[in-house]
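Contents: one structure, followed by commentary.
A note on names: the letters A, B, ... follow the listed sequences, proteins ahead of strands, and every chain is numbered from 1.
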Amino acid sequence: MTRLPLAAILAAFFLALAWFVSLRQAILFLVGIGMGAVLAGARFGFTTGWRRLIEQRDPSGVMAQLLLLAAAAAVSMPLLAAFPTDLGAALGPPSISLLVGAFVFGAAMQVADGCGSGTLYKAGMGVPLNMAILPVFAVGSFLGSAQLEQWLQLGATRPVSLVATFGPWEAFGLTCAGLLLLGLAARAWVGKGATWFNRRLLIGAILLAALAMLNLLIAGQPWGVVYGFGLWAAKVATAVGAFDPAGNAFWSQAVNLNNLSQSVFLDVTSITNIGILAGALLIAAGKSSAASQRAPLTAQQWLVGIVAGFLLGYSSRLAFGCNIGAMVSGISTGSLHGWIWVPVAFCGSLIGVRIRRRYAF
Amino acid sequence: MKKNLSPLAIAFWAMLVVFFAWDWAVSDPVNVRREPPLIAAGSGQAPTGGHCASTF
């Protein structure tokens, strides 16, 4: 399909959302399209950036991610302090489940070649493995959320908000200091002579930060991905009688029960997820098929990739988010759990790239 | 320039469309008179959506 008819379909969907659902959801759909277009257009891959740092000592992707975090934090933290009741931060509790989830997620995202947003935009662009992964990602996300209470019983503390604890500018200063440390660590790993900045990725980082801010301002909550996946699978499991949300600690909460009963078009995470898929599809339209540019996977690679996709979903719920919900949104809104997530997930990625090589992805 | 969708891509998008259509059909009707604020910041309303970082 070429871009023009596709754009017409997306415009019609936007109007339908505005008329039959709500104007806010229609605008969030546009924000999602922007996210998908930037992720796909700039090939802004969190997973790839980490892998290139580990394997090729190329820091350009990670530097763009640090810029994204700093830019998003510069706006998010003052906004959260200015509108403490209207806007919420991505606050996850430091816990055993966070450690386990972030490590497994970091490994699985290298095998599956995509985190939450990466799986979405690559699926939208037609990458076969990512399209196949999306349904099992959703199932994993649902099961992880359904078993979250048992994982939390292993040990958890209350979420820590840097903004609430120290104030917005102090929190921003601490965040910048942390990001600087990560940049220096990358420099120590890479050594001299590397190309530090990639213009395409830096522009992508600024655009993604702006879109993440729009998401926060409009939805009242930071950008997230995996909650939407879990919701989709939970709806199906509930409909076929395989799951009773009333008997589950997570899904029996009022907000989640409400989301189960209403259309996914009213869920802010789901609507931006749909937008990301659509934005990536729009970018891919008119280009040669992403599938045709890659060698076909073997049966073993398919199996390993699908298992990794399931683990992505499950572990992202234990870790209170993926690269978006925990890292981008967690750190930029001042959640301590985001700072725990990054190093643990990076350790997982060190294992993940070896598994990836082992199976010749 | 035309791009041909693979069978997997056709199945993927068809599955999504069927899921969203089914969900729209079985979910509670949307009450457009209770539309959420267009901009949450400054609305005076607390956010009500689920998020992956929230425990419950």
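By number of non-hydrogen pairs under 4.5 angstrom with chain B, the leading residue of A/V21, A/L134, A/N258, A/V264 is A/V264. Most heavy-atom pairs under 4.5 Å with chain B: of the set A/G220, A/S22, A/G325, this distinction falls to A/S22. When each of A/L217, A/L214, A/L260, A/I324 is scored by its heavy-atom pairs under 4.5 Å with chain B, the top score falls to A/L217. The candidate from B/A9, B/A41, B/S43, B/A46 with the greatest count of non-hydrogen atom pairs under 4.5 Å with chain A is B/A41. When each of A/A254, A/G228, A/S329, A/P222 is scored by its heavy-atom pairs under 4.5 Å with chain B, the top score falls to A/P222.
Looking at A/T85, the atoms closer than 4.5 Å to chain B (heavy atoms on both sides) all sit in the backbone: N, CA, C or O. No part of A/P159 comes within reach of chain B, as not one of its non-hydrogen atoms sits under 4.5 angstrom from that chain. At a 4.5 Å heavy-atom cutoff, the contact between A/V225 and chain B is made by backbone atoms alone. With a 4.5 Å cut-off on non-hydrogen atoms, A/A219 touches chain B through its backbone but not through its side chain. Of the two parts of B/P29, neither the backbone nor the side chain holds a non-hydrogen atom closer than 4.5 Å to a non-hydrogen atom of chain A. With a 4.5 Å cut-off on non-hydrogen atoms, A/L277 touches chain B through its backbone and its side chain both. In this structure, chain B has heavy atoms under 4.5 Å from both the backbone and the side chain of A/Y227. Proximity to chain B involves both the backbone and the side chain of A/F20, based on heavy atoms less than 4.5 angstrom apart. At a 4.5 Å heavy-atom cutoff, the contact between A/A123 and chain B is made by backbone and side-chain atoms alike. In this structure, no portion of A/L28 lies under 4.5 Å from any heavy atom of chain B. Contacts between A/L23 and chain B at a heavy-atom distance below 4.5 Å involve backbone atoms as well as side-chain atoms.
No more than 12 heavy atoms of other residues, nucleotides or ligands lie within 6.0 Å of CH2 in A/W19, so this atom counts as exposed by the packing criterion.
The line from CE of A/M131 to CH2 of B/W13 is 9.5 Å long, rounded to the nearest 0.5 Å.
Distance alone, capped at 3.5 Å, places no donor-acceptor pair between the B/D23 side chain and the A/S263 backbone.
The aromatic rings of A/W232 and B/F20 sit perpendicular to each other, their planes meeting at more than 60°, with 30° as the lower class boundary.
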